[in-house]
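All heavy atoms count here, side chains included; hydrogens, waters and symmetry mates do not. In this chain, numbering begins with 1 at the start of the sequence shown.
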Amino acid sequence: MKRKYILAAAICLSICALAGCQETPKESIVREKGADSIKNYQSEEPEDAGNAGDAGNAGGTAAKSLRESLGAPEHYKNQESYEDGRLVIETDAEVILPEVSSMNTYAVAAKEVNQELIDHFTKAFFEGDKVYHMYSYTQWTKEDYQKDITNLKKYKAEGNLDPYEYGKDENGELYFDIDAQIARDEEEMKSAPDEVVKEEVKPAFGIEWVSGKGSEEQTEVDEDSFWGMVETSHGVYSYQISYVLAPDLTVKITKKRDDVQDSREFTSWVEGQYLLDAEGADQDHMSEETMQKLADISLADAQKAAEEAVDRLGWDWKVYGWDYALFRHGENGTNEDTVLDGGYYFHFARVLDGVPVTFTSSYGGGLEDMDSTLTPWGYERCEVIVGDDGIQEVEIMNPYEVGEVQTEHVKLMDFDSIIKIYEQMMEVTNADMADFEKQRTFHIRKIALGYSRIYDPTTDSDTGLMVPVWDFFGGFDVETDEGSDKNNGEHATQSFMTINAIDGTVIDRGLGY
């Protein structure tokens, strides 16, 4: 989905304890990651856990919370300046911990992808509904081609030869040739059907279909993907399952819309955080009141609809957070004129013994460089968009099979030690920004302890370990020769630093380890 991740900044708040400019250290205090460090994970009984069962009785003592045992405050505030003031790390963050006395590590693997899993998804979201092959269902009829021809001729008559703003090539020629497209439409219309011939199918891999026409006709087989359309009592949905990039699995469900007049026009759902946190005259911004009005459904009703759908999977996924969602069209940014619909975006996360897997905007499963021969494995994700006429989109990626506890009551580093690593590594990992930016100021607004999956793609690409981690969420201001962007980070889901809470190693969210 085409999104503009608006990088915006706020005017720096005055902070009493403002440190002076410092030079970036050449060495990190973080130890190397690897299998050896994982083997050294130690168990540690929660303080006073032995007497926890006697709590409430005479002389009984409740186990300490993680906040108490780790010495974590409710709020943390600090500001540091580096590289002659061109890099500023401003931390003014709520510190969030699960309400438990200890955490474990768990074995985790990619869920086996087979017909049983496909049937499980189909039953959860489309039980009793008719499913059709997407190729036949979405084939254009004579009426569709005539509509497109009329639309293109209208653009041309108005002098608009680049209606979709594709731009020009290095020779100044338009990428989109409107006359050539009209000619193709007229030729295709000759053999197009008068009406759609729908082919009912059972969702599965290996479905055959025919592409091309005449002498170019050939049989295709979707060996590791499924493309369908589903007719339900509350609308028509596309239903896609892809295992092309195994072990990564993606399930995408999208409601077919009737308010998009031109199928070539760019459309997308935009998350409200990028509009709420943006500051600056040249950036898209929208108030929370406006987004609420555009949603035209209560948050409670939307969340109920999302939870009912996801609960049918039976995987103990709970709502981790929510955001506003706006459906926009065209190339003119996100504003009331370009927004066709509104709703709510729900992020779901797995919960293990009362502790959620931390949701971030990172998908994981990246490669260290383009020459890598490793097979990546992305994070488990579940996101649902709900509008006033029901579920608009569902995206599920890489569901886990959680195994046994590997280290019970794992020993965690205290909060002060984690903060020292965070503050040093923020400057180490961002020191080179000063080479091509005039100024960058990070605004860290939330510090959260939860679970994250790590793995070693050099040995195994579909098994890993669920470990406790600290994430540091926020936004940043940036100023370059080309201009500036500002994002205050108040609603951000981007984590700028992820630290293993057990051994202090830094986890690259983009890579997933």
Side-chain angles (χ1 to χ4, degrees), residues 3 66-67 72 93-100 103-104 106 108 111 124 250-253 269-274 276-277 295 298-325 343-365 378-386 391-400 402 444-454 464 466-475 489-499 501 507 509-510 512:
R3 294 178 180 161
L66 276 179
R67 188 180 297 277
E94 178 185 8
V95 181
I96 301 171
L97 290 86
E99 295 182 0
V100 296
M103 297 174 69
N104 310 315
Y106 297 83
V108 64
K111 192 174 283 291
T250 301
V251 178
K252 185 75 175 285
I253 296 168
W269 282 97
V270 178
E271 295 169 60
Q273 61 170 301
Y274 303 112
L276 287 171
D277 291 351
S298 72
L299 173 61
D301 287 345
Q303 182 166 333
K304 180 182 178 183
E307 289 175 332
E308 286 176 350
V310 173
D311 284 350
R312 289 194 290 270
L313 289 168
W315 289 344
D316 198 26
W317 285 347
K318 305 297 180 185
V319 171
Y320 183 91
W322 65 272
D323 196 356
Y324 296 100
Y344 293 92
Y345 216 124
F346 296 98
H347 308 293
F348 285 78
R350 187 178 296 274
V351 178
L352 301 172
D353 294 331
V355 182
V357 176
T358 303
F359 175 86
T360 79
S361 58
S362 295
Y363 285 76
Y379 292 129
E380 176 180 81
R381 295 174 71 92
C382 177
E383 298 170 79
V384 180
I385 300 175
V386 180
I391 290 177
Q392 305 298 308
E393 276 193 6
V394 177
E395 185 170 47
I396 296 171
M397 304 182 74
N398 310 319
Y400 298 149
V402 178
I444 303 303
R445 296 292 180 245
K446 184 175 74 174
I447 302 171
L449 176 64
Y451 281 118
S452 181
R453 186 222 67 203
I454 58 176
M466 198 73 77
V467 298
V469 301
W470 288 95
D471 276 290
F472 295 77
F473 295 91
E490 292 292 342
H491 304 85
T493 57
Q494 183 174 3
S495 174
F496 288 106
M497 182 66 60
T498 302
I499 300 174
I507 296 169
R509 276 286 183 185

**Asked** Any idea which heavy atoms bring Val386 and Ala302 closest together, and the distance?
**Response** CG2-O, 3.6 Å
**Message:** Is any side-chain heavy atom of Phe359 closer than 4.5 Å to one of Val319?
**Reply:** no
**Fill in**
Between the CD atom in Gln303 and the CZ atom in Phe346, the distance rounded to the nearest 0.5 Å is 5.0 Å
**Item:** Identified side chain to side chain donor-acceptor pair (under 3.5 Å) partner of Arg509 from the options Ser361, Ser452, Ser495
**Value:** Ser452
**Complete:** CD (Glu383) and CD (Glu393) are apart, to the nearest 0.5 Å, by 9.5 Å
**Message:** When you compare the side chain of Phe472 with that of Ile499, does any pair of heavy atoms fall below 4.5 Å?
**Reply:** yes
**Request:** Indicate yes or no: at least one non-hydrogen side-chain atom of Tyr363 is less than 4.5 angstrom from one of Arg381.
**Result:** yes
**Request:** With sequence neighbours left out, write down each residue that passes salt bridge (charged side-chain N to carboxylate O under 4.0 Å, His left out) with Arg453, or none if nothing qualifies.
**Result:** none
**Message:** Using only atom types and a distance under 3.5 Å, with no angle test, would you say the side chain of Gln273 pairs donor to acceptor with the backbone of Thr493?
**Reply:** yes
**Message:** Please determine whether side chain to side chain contact (heavy atoms under 4.5 Å, CB included) holds for the pair Phe473 and Thr360, giving the CA-CA distance in whole Å, both sets of side-chain angles, and the decisive distance to 0.1 Å.
**Reply:** CA-CA 9 Å; Phe473 295 91; Thr360 79; 3.8 Å; yes
**Message:** Quick one: does any side-chain atom of Arg350 pair with a main-chain N or O of Glu380 as donor and acceptor, under 3.5 Å?
**Reply:** no
**Asked** Under 6.0 Å between ring centres, would you say that holds for Trp322 and Tyr324?
**Response** yes
**Message:** Can you confirm whether Glu490 sits close enough to Leu276 that some side-chain heavy atom of one is under 4.5 Å from a side-chain heavy atom of the other?
**Reply:** no
**Prompt:** From Gln392 CD over to Tyr345 OH, what is the distance, rounded to the nearest 0.5 angstrom?
**Reply:** 12.5 Å
**Message:** If I compare all heavy atoms of Gly474 with all of Ala492, which pair ends up nearest, and what's the gap?
**Reply:** O-CB, 3.1 Å
**Request:** Can you see which heavy atom on Ile391 is nearest to which on Ala309, and at what distance?
**Result:** CD1-CB, 3.5 Å
**Message:** Could you measure the distance from the CH2 atom of Trp317 to the CG atom of Asp311? Nearest 0.5 Å is fine.
**Reply:** 11.5 Å
**Complete:** When rounded to the nearest 0.5 Å, the distance separating CZ of Phe496 from CG of Asp471 is 12.0 Å
**Request:** Identify the heavy atoms of Pro399 and Trp315 that sit nearest to each other, and give their distance.
**Result:** CB-CZ3, 3.7 Å
**Prompt:** For the residue pair Leu449 and Leu97, what are the closest heavy atoms and their distance?
**Reply:** CD2-CD2, 4.0 Å
**Item:** Spatial distance of atom OG1 (Thr358) from atom CH2 (Trp470) [nearest 0.5 Å]
**Value:** 10.0 Å
**Request:** Give the minimum heavy-atom separation between Tyr379 and Gly512, together with the two atoms involved.
**Result:** OH-CA, 3.3 Å
**Message:** In the structure I gave you, are the side-chain heavy atoms of Tyr451 and Val402 within less than 4.5 Å of one another anywhere?
**Reply:** no
**Request:** May I ask you to decide if Ala124's main-chain N or O and Arg312's side chain share a donor-acceptor pair within less than 3.5 Å?
**Result:** yes
**Asked** Counting only N and O atoms by type, is there a donor-acceptor contact under 3.5 Å from the side chain of Asn398 to the main-chain atoms of Gly378?
**Response** yes
**Asked** In this structure, which one of Val384, Ile253, Thr250, Val251 forms a side chain to side chain contact (heavy atoms under 4.5 Å, CB included) with Glu395?
**Response** Thr250
**Min side-chain heavy-atom separation Ile454-Ile507 under 4.5 Å** = yes
**Prompt:** Given Met466 and Val357, is the side chain to side chain contact (heavy atoms under 4.5 Å, CB included) satisfied, shown in steps?
**Reply:** CA-CA 9 Å; Met466 198 73 77; Val357 176; 4.0 Å; yes
